[in-house]
Number of protein chains: 2
Amino acid sequence: MARRTDHTREELREMALEAARRAVRREGPAGLTARGLASAIGYSPGTLYNLFADLDDLIVHLNAATLETLEGRLKTALAQTASPEASAAAMVSAYVAFTLEEKALWGLLFEHRLPPGRELPTWYQQRIGALLGMLEEALRPFHPEEASRALAARALWCGVHGVCSLAAGGKLASVTDQGAAEVSEVLLKVFLAGLEKTAEGHH
Amino acid sequence: MARRTDHTREELREMALEAARRAVRREGPAGLTARGLASAIGYSPGTLYNLFADLDDLIVHLNAATLETLEGRLKTALAQTASPEASAAAMVSAYVAFTLEEKALWGLLFEHRLPPGRELPTWYQQRIGALLGMLEEALRPFHPEEASRALAARALWCGVHGVCSLAAGGKLASVTDQGAAEVSEVLLKVFLAGLEKTAEGHH
DNA sequence: CTAGATTTTGAACATCGTTCAAACGCGAGG
DNA sequence: CCTCGCGTTTGAACGATGTTCAAAATCTAG
């Protein structure tokens, strides 16, 4: 048993990741089992360990793909807008929409913890940084000061992330899932209003 | 072996929860094992299942205690302030401080997911509602309109929660942990400024 | 066609949550 | 003071988990 030419190594990795995606979507993170994934792609558990160091490594790659998808969504959302207000609103609503659409994958992306001692790859952190950069750019018209804009962007992004985090976990209690859009919209509007006000104050 | 009078049932539950606390603090959620907890309190694994339905049930009770502690922190923070600005700031900084102080417990509180089908107890949701109520009350001077204040409070709380969530997970990237305080402070200030501005606009 | 290189396997190990019949110790009734 | 019974505690057992690795199987080069 050693079918060499059934699939490329890269194909196998992709198949495993897709199987993982399906499992997470269907049963949550608990559905991610080595044996389950292996049988889903028609291989034995041991083969998975030729493709990835271990399940944590597989999850990191899955998360990277999710992050890439999210990045794409934000980019297209941004491309279809004209005014600065619309850009910011589009980014936020795209972020929220993606979260609600892919609750489980999004949850895995931000809640997966590596065992202590292991660090996230640097390109991973860089991707998150890129997301922040996009938001920071969208915030430029509202906050001309170069120095503190990064901090403001980070604050706003954290805020929206918090809404998504609670919504995805079903911990917004009495608020429906639809409510996540409303809450984030309020957060954005009030925050932008605050930015403008403080900008006025500095002139 | 059936030492009846060693400890009350309630004492046992408390011992188990305290052992769980220590384990989570030391090794994260992964450190929570039935056998580990049992040996930590000097009993056998089976005994744990006389005290709690299962590990998920134990975690829910642990989270309830954590939530209670957090609630207490916010209350005392609130009691030591005079002005509305100080109240809001005190609540936010108390929330952030608790998060950084108890990263693992806080993470367990918000990131633990029950297996699908099981719901969180209602008193649990009510406690979260109480937290929101405190913040909403602190926001009263900034946002007189009764109707939308709840939404504003929720939005702000989600925002602060997002900062904490990313900070506790070490996903604020280049920002140090100390940065969580700064980010949340910016979020609060800008948000409050925005609230005042919109309030002005409505009169 | 053969031999070397590589991929794949699946049994094995340790550990996990959870169950439950049996063993045990304490308090009440004689 | 003894005994009986009830409730507590145990720990072996079961199924499932992640992970390893020697052996088996297949492909490719010569």
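Chain letters run A, B, ... following the sequence lines, proteins first and then strands; every chain starts at 1.
Using a 30° and 60° split on the angle between ring planes, W106(B) and H161(B) fall in the tilted class, from 30° to 60°. The aromatic rings of Y95(A) and W157(A) sit perpendicular to each other, their planes meeting at more than 60°, with 30° as the lower class boundary.
A straight line from CD of E11(B) to P of dT8(D) spans 14 Å, rounded to a whole angstrom. Atom pair L48(B):CG and dC20(C):C1' shows a separation of 16 Å (rounding to whole Å applied). Following rounding to the nearest Å, R13(B) (CZ) and dT8(D) (P) show an atom-to-atom distance of 13 Å. The OH atom of Y49(B) sits 13 Å away from the P atom of dC20(C) (whole-angstrom rounding). If you measure from atom CG of D54(A) to atom C1' of dA14(C), you get 16 Å, rounded to the nearest angstrom. Separating the CG atom of D57(B) from the P atom of dT18(C) is a distance of 10 Å, rounded to the nearest angstrom. Counting to the nearest Å, the C1' atom of dT19(D) and the CG atom of L58(A) are 14 Å from each other. Straight-line distance from the CE atom of M15(B) to the C1' atom of dT9(D): 14 Å, rounded to whole Å.
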- Message: What verdict does the side chain to side chain contact (heavy atoms under 4.5 Å, CB included) test give for L187(B) and F191(A), after you've listed the backbone C-alpha separation in whole Å, the side-chain angles of each residue and the deciding distance to 0.1 Å?
- Response: CA-CA 8 Å; L187(B) 187 64; F191(A) 191 86; 3.7 Å; yes
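Nearest heavy atoms, H143(B) versus A152(B): ND1-CB, 4.2 Å. The heavy-atom pair separating D56(A) from R113(A) by the smallest distance is OD1-O, 4.5 Å. Here the closest non-hydrogen pair linking M91(A) and L74(A) is O-CD2, 3.4 Å.
Checking P45(B) against R9(B), the closest nucleotide of DNA chain D that is more toward the 5' end is the one next to R9(B).
At a non-hydrogen distance threshold of 4.0 Å, L32(B), T33(B), A34(B), R35(B) from residues 26-36 of chain B come into contact with DNA chain C.
Proximity note for L55(B) (side chain, C-beta onward) versus dT19(D), dG17(C), dG10(C): the nearest is dG17(C). Comparing dG17(C), dT9(C), dG18(D) by their nearest atom to the side chain of Y43(A) picks out dT9(C).
Counting only heavy atoms from C-beta outward, the side chains of V160(B) and L188(B) never approach each other to under 4.5 Å.
Within 4.0 Å of N50(A), counting heavy atoms only, lies at least one base atom of the nucleic acid.
For dT8(D), the OP1/OP2 oxygens have no side-chain nitrogen or oxygen of T47(B) closer than 4.0 Å.
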